[in-house]
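To start, the structure itself, in structure tokens.
Computation of the quantities below employed the complete heavy-atom set of this structure, encompassing side-chain atoms and omitting hydrogens, waters and symmetry-equivalent molecules.
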Amino acid sequence: MSTLLVALLLVGFVTIITIFLVRLEKKGKHQFQQLLLHQFSLAGSAHNLSFSAQEFLHKTIIGIDGAQRQLLILRWTDLQSFTTQLIDLSAIRRCTLKKYLTAYPIDPHKKGPEAYATEQVVLLFEPSAGSPVALPFYHRFENQEWELPELESKARHWETMLTKLLGTVQRTG
């Protein structure tokens, strides 16, 4: 009987600790998102932007001001350090979704067919003049593999929205 009681107490203790740690992690994530959103709001105000759409990505938040045709990107770089990038969409010729794949052998001991893993999913902004700007939605070292379908879907949504705003029709392959 005492062994059963000890086992039940141990299971209860582990359950309580697990619930506590999960809540603590969620609270930390919520606080981080609030900090990102606050910095994003400050950056938007500094550029006199009014956002019609926003998106939280891993350590990044993006927002679009459709009226002014501006895209603001705020990235968290390290402890309390942020970088902002403002893209003038009137200077962008094309916005395309790019998916970068890595090939690896199915059987490392034999030559033969290869499998592919998604390395990155990015939106690539190609300006009329200058070098392209890449906005990563998925990176295999920063995101979990199970996040790929959702993040790729978000990237396609933003590609469609921005392409309509640019006023160009394009096909991606």
Side-chain angles (χ1 to χ4, degrees), residues 17-44 47 49 51 53-64 70-89 91-127 130-163 165-166 170-173:
I17 293 296
T18 303
I19 290 171
F20 175 74
L21 291 175
V22 167
R23 285 187 181 195
L24 189 63
E25 193 259 331
K26 283 184 180 182
K27 183 179 179 184
K29 185 176 180 180
H30 178 73
Q31 287 175 339
F32 174 73
Q33 284 184 339
Q34 290 300 316
L35 177 64
L36 258 183
L37 192 56
H38 177 70
Q39 292 296 323
F40 186 76
S41 178
L42 291 175
H47 294 286
L49 300 176
F51 299 109
Q54 293 173 298
E55 191 74 57
F56 277 100
L57 301 171
H58 184 78
K59 298 182 183 178
T60 303
I61 185 169
I62 60 175
I64 187 165
Q70 300 284 324
L71 180 73
L72 180 66
I73 304 168
L74 181 123
R75 290 184 179 98
W76 178 74
T77 52
D78 56 34
L79 298 173
Q80 302 294 327
S81 187
F82 301 91
T83 60
T84 58
Q85 185 173 17
L86 188 63
I87 298 176
D88 181 7
L89 295 175
I92 299 297
R93 163 173 77 83
R94 181 172 43 216
C95 170
T96 54
L97 182 133
K98 295 286 183 184
K99 195 172 178 178
Y100 297 98
L101 303 175
T102 300
Y104 60 92
I106 292 175
D107 185 350
H109 303 294
K110 297 180 185 177
K111 283 193 174 184
E114 293 182 328
Y116 296 92
T118 302
E119 189 76 25
Q120 288 187 77
V121 174
V122 302
L123 278 185
L124 191 64
F125 297 94
E126 299 174 40
S131 53
V133 175
L135 172 61
F137 273 71
Y138 172 86
H139 192 286
R140 85 176 177 141
F141 294 122
E142 292 184 0
N143 300 100
Q144 300 295 323
E145 192 174 340
W146 57 265
E147 294 176 291
L148 177 59
E150 179 186 356
L151 293 173
E152 186 174 349
S153 175
K154 285 182 179 185
R156 287 197 190 284
H157 170 74
W158 277 85
E159 176 193 29
T160 302
M161 184 171 48
L162 291 167
T163 300
L165 192 61
L166 294 173
Q170 55 195 306
R171 301 281 177 223
T172 60

Atom of Thr84, atom of Ala43 and distance for their closest heavy-atom approach: CG2-CB, 3.8 Å
Check against side-chain contact (heavy atoms from CB on, under 4.5 Å), Phe82 and Leu35: CA-CA 11 Å; Phe82 301 91; Leu35 177 64; 3.9 Å; yes
Full working for side-chain contact (heavy atoms from CB on, under 4.5 Å) between Leu71 and Phe125: CA-CA 11 Å; Leu71 180 73; Phe125 297 94; 3.4 Å; yes
Separation of Phe40 CZ from Leu49 CG (nearest 0.5 Å): 8.0 Å
Closest approach of Leu124 to Pro132 (non-hydrogen atoms, all atoms of both residues): CD1-CB, 3.8 Å
Residue pair Val133 / Pro127, side-chain heavy-atom distance below 4.5 Å: no
Nearest heavy atoms of Thr96 and Glu159, plus distance in Å: CA-OE2, 3.6 Å
For Leu89 against Ile64, the heavy-atom pair lying closest together: CD1-CD1, 3.8 Å
Verdict with reasoning, Asp88 to Gln70, per side-chain contact (heavy atoms from CB on, under 4.5 Å): CA-CA 5 Å; Asp88 181 7; Gln70 300 284 324; 3.3 Å; yes
For Glu142, all residues meeting salt bridge (Lys or Arg N to Asp or Glu O under 4.0 Å), sequence neighbours excluded: none
Residues forming a side chain to side chain donor-acceptor pair (under 3.5 Å) with Thr102, sequence neighbours excluded: Glu119
Nearest heavy-atom neighbours spanning Pro136 and Gln120: CB-OE1, 4.4 Å
Nearest-0.5 Å distance that lies between atom CD in Gln39 and atom CD1 in Ile61: 11.0 Å
Non-hydrogen atoms of Gly44 and Leu72 that approach each other most closely: N-CD2, 3.7 Å
side-chain contact (heavy atoms from CB on, under 4.5 Å) evaluation trace for Thr118 with Glu152: CA-CA 10 Å; Thr118 302; Glu152 186 174 349; 5.7 Å; no
Pairwise distance CG(Leu97) to OG1(Thr160) - rounded to 0.5 angstrom: 9.0 Å
Distance in Å, Ile62 CD1 paired with Gln85 CD, rounded so as to fall on 0.5 Å steps: 11.5 Å
Whether over 12 other heavy atoms sit under 6.0 Å from Lys98 NZ: no
side-chain contact (heavy atoms from CB on, under 4.5 Å) involving Glu147 - partner list, sequence neighbours excluded: Asn143, Gln144, Leu151
Reported CG-to-CZ distance for the pair Leu123 and Phe137, which is rounded to 0.5 angstrom: 4.5 Å
Interatomic distance, Arg75 atom CZ to Lys59 atom NZ [nearest 0.5 angstrom]: 12.5 Å
